[in-house]
Amino acid sequence: MGVSPGRAAGPMIRMAGPPELPSPRAVADPGAEAAAVAKALQAVSADLGLRAAAAQGEAAEILEALAMIADDPMLLEDAEGRARDGMDAAHALEAAFTGHREALAALGGYLAERAADLDDLKHRAVAFALDLPMPGLPAPGHPYVLVAEDLSPADTAGLGQDVLALVTERGGPTSHTAILARGRGLPAVVACAGVMDLPDGTVVGVDGGTGEVAAGLSAQEAAEVMAAARAERRRLAESRGPGGTADGHPVKLLLNIGSAEDLRPGAEGVGLFRTEFLFLDRTRAPSFEEQVAAYAQVFGNEEHVIVRTLDAGTDKPLPFLGLPREDNPALGVRGLRVDRVLPAVLDTQLDAIAEAARATGARPWVMAPMVTTVAEAGDFSRRAREKGIVTVGAMIEVPAAALRAGRLLRELDFLSIGTNDLAQYTFAADRQHSTLTDLLDPRQPALLELIAICARAGREAGKPVGVCGEAAGDPVLAPLLVGLGVTSLSMAAVSVPAVREALAALTLEECRARARTALD
Ligand code: PEP
Ligand code: MG
C-alpha cells in the first residue's frame, strides 16, 4: 500500500528489531561471562557516545544521557555479579536491566519517565552479547532504502538524509509514521508482506504512490528511477496558485506540517500544525521559551497558520507527559482529554502560542484535537480566548462531535475534520491496522455523511469547515469533499500539486454530483 507518493531506488537495509533471548546457556567459565557483560555495556556506551558526537542539540543530549546510563557502575556491578553467579552474559544483562527498570519506575516522576530508555539500552547490550545486529536505525554511511517490520513516529522523525524511501511490513495509510514520511516527502510503502525476508543490500525500487516495491533492480535501472523521480519533483515544485474549481469556486489548499522544516512554497497557509511532532522523543516537558521559539519559527514564515494543541496518545505517546499505560489507549486519555489530568500542559502551550503570535505579529488560528462534546468545545474556547487567542476551533475526529457540529460552532469560529481518526472511530477500526483498510477507506458513505453534516453546519453558521485528514490530499477524493461543502483542504506539501490539478478540472456542480453519487 503506497502511503507517501514519489519514487526512489537503492540498496535496502533492514532495521533490526529487539533481539530474541534464547534459552539460558550452561556456563563453563563465569569469569568470561562477567567479562562479556562488561564488554557489552562498554560497546553500547561507546556507540551511543559516537552517535551523540555526530548529532546536534536535543538529539545529542538524549544520546549522551543514554551513554551515561549504560556506563552506570551499579548496573555493571549488578550484571557482573549475576554472571559470576552462573548466568550467561545475555541473561545477566537482561536481569540487571529489568531490575534497574523496576527500581526507576518505582521512584516515579522524571526518573520513572527514563525507565523506557533502559529497554532500548538493554536490547542493544543483549544484541551485542549475542553477536546480533544492533537494534535501532542503521547508519551505513551511504543512501539506502529502510525496511522494517514497523517504525514508531519517533524513529521516522529521527531518520537521516541518507534514507531514500521507507518500506514496512505492517502499518496503515493514516498511521503517524506514514504521515511523517509524507511530511518529509519521503516515498513510503506499508503493509508490504514478506519484505523483511529479502537480504540486506538487495536493490529495490519503491513507488510510494502505487505501492509497488520491485526487488533485484540493476544499478542502471536504479539510476533511471532516481532520475525520473528528480524530474517529477521538479515538475511538481513549479505548480503554484490558489486552489479552486474550474468555474472559480475558491478552495484553500493548505499544508499539514510538524515543524517549520515542513513549510514549502505553493500553498495558501498551514491548515494543520501538529505541535506534538516537535516533542515526540522528549522525556522532559518542553519549556515555555522553547515552545515560543518553535511556534514563532512557523508564524514568522507563513501568514495563515492553524495550530493544533498537543495531541498525545496511542501511536503518538509523549513520554514527558508520564501518562499511565492503558488497555485501550485509542479510547482513553488522549488529545484534549489529557487536559483533564494535566491542565498545566495546555495552559503553558496556549500561553506560548499567544506569546509567539505577539512576537511575530501573526494571528494564528488555534484548535484542539479529539474534542467530543459541546461542553469540551466551550471550555477550550474560553481558555484560549482568555489567553488572547482570537480565532478558536476544534478538530472533528469523533462521530459525537460531527453529529453536533452546529452546536459546536456556537462556541467556535471554525472546524477542521480529521478524517484519519474520524474513520477510525466511525468504523471501530484501528487506523494502524494493515488488514482492515477497507473499513478505514475515507470513501465509505458513513464517513462522507458525517463530513456533509459538518459542512452544512458551517454553511449555516457562515464559518469555515476544512478537512485536514489524509483524505484531503487524495486527488480523487478532494473534489468530492469540495462537493460536500468543505471550504479548505489541508495536506502534506507533496500532495498539493495533484489536488490543485484535480480541482481545476471540475466545476463546483460536477464536484457536487460526485458527492451525491458517493453518498448514494
Ligand atoms: C486526523 O485524525 O485526521 C488528523 C488530521 O489528526 P492526526 O492524523 O494527527 O491524528
Ligand atoms: Mg487525529
Side-chain angles (χ1 to χ4, degrees), residues 3-4 152-154 156-157 171-184 188 190 254-259 262 270-280 305-318 329-338 365-372 376 380 393-402 405 414-433 437 439-444 447-448 450-451 454 465-474 477-478 481 486 488-493 495 499:
V3 295
S4 177
S152 72
T156 313
T174 64
S175 68
H176 285 97
T177 296
I179 289 167
L180 277 160
R182 222 170 287 141
R184 287 196 37 181
V190 301
L254 306 170
L255 294 182
N256 289 356
I257 64 166
S259 72
D262 297 335
V270 171
L272 172 61
F273 177 9
R274 288 183 166 102
T275 53
E276 66 282 355
F277 280 4
L278 294 165
F279 311 118
L280 281 175
V305 178
I306 305 181
V307 193
R308 175 173 75 185
T309 56
L310 291 175
D311 180 24
T314 49
D315 73 324
K316 273 185 304 192
L318 292 182
L331 303 183
V333 179
R334 57 161 302 196
L336 182 64
R337 298 169 187 187
V338 172
W365 297 13
V366 179
M367 64 183 178
M370 289 292 295
V371 171
T372 306
E376 284 179 350
F380 177 74
M395 303 267 305
I396 300 291
E397 300 173 286
V398 180
F414 70 97
L415 299 176
S416 182
I417 305 169
T419 45
N420 309 334
D421 277 314
L422 190 57
Q424 155 163 275
Y425 295 121
T426 301
F427 302 108
D430 186 336
R431 64 191 272 182
Q432 296 188 84
H433 211 292
T437 44
L439 290 177
L440 292 161
D441 189 331
R443 286 168 294 189
Q444 286 276 2
L447 185 75
L448 300 177
L450 289 173
I451 296 172
C454 298
V465 173
V467 172
C468 66
E470 302 314 297
D474 178 337
L477 261 168
L481 297 172
V486 308
S488 66
L489 297 169
S490 191
M491 65 205 83
S495 305
V499 168

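Note that ligands are numbered from 1 as they come in the structure, with each ligand's atoms numbered from 1 the same way. Computed from a prediction, not measured in an experiment: that's the story for all the values here.
- Minimum heavy-atom separation, Gly271 to Met367: O-CE, 3.9 Å.
- Nearest heavy atom pair, residue Pro369 against residue Thr309, reads CD-OG1, 3.3 Å.
- Residue Asp311 has at least one heavy-atom neighbour below 4.0 Å for each of these atoms of ligand 1: 10 (O).
- Remark: ligand 1 atoms within the under-4.0 Å shell around heavy atoms of Leu272 are 5 (C).
- For ligand 1, the polar-atom distance check finds an N/O of Thr419 within less than 3.5 Å of one of the ligand's N/O atoms.
- Close approach to Lys316 involves these atoms of ligand 1, each under 4.0 Å from a residue heavy atom: 9 (O), 10 (O).
- If you number the atoms of ligand 1 from 1 as listed, the ones under 4.0 Å from a heavy atom of Arg274 come out as 4 (C), 5 (C), 6 (O), 7 (P), 8 (O), 9 (O).
- Under a 4.0 Å criterion applied to the non-hydrogen atoms of Gly469, ligand 1 contributes the atoms 3 (O), 5 (C).
- With values rounded to the nearest 0.5 angstrom, Leu310 atom CG is found 11.0 Å from Leu336 atom CG.
- Using a 4.0 Å cut-off to heavy atoms of Met395, the atoms of ligand 1 that qualify are 4 (C), 5 (C), 6 (O).
- For ligand 1, the atoms closer than 4.0 angstrom to any heavy atom of Ile179 are 8 (O).
- Among all protein heavy atoms, the one lying closest to atom 6 (O) of ligand 1 is Arg308 NH1, 2.9 Å.
- Distances from the Mg ion (ligand 2) under 2.8 Å pick out these protein N/O/S atoms: Glu397 OE2, Asp421 OD2.
- Near Arg431, meaning under 4.0 Å from one of its heavy atoms, ligand 1 places the atoms 2 (O), 7 (P), 8 (O), 10 (O).
- Protein heavy atom nearest atom 7 (P) of ligand 1, with residue, atom name and distance: His176 NE2, 3.3 Å.
- Note on ligand 1: Gln424 sits outside its first shell, no heavy atom being nearer than 4.0 Å.
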Q.
Between Lys316 and Asp311, does the salt bridge (Lys or Arg N to Asp or Glu O under 4.0 Å) criterion hold? Intermediate values first, please.
A. CA-CA 8 Å; Lys316 273 185 304 192; Asp311 180 24; 3.0 Å; yes
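- Checking Asp421 against Gln424 by side-chain atom types alone, a donor-acceptor pair falls below 3.5 Å.
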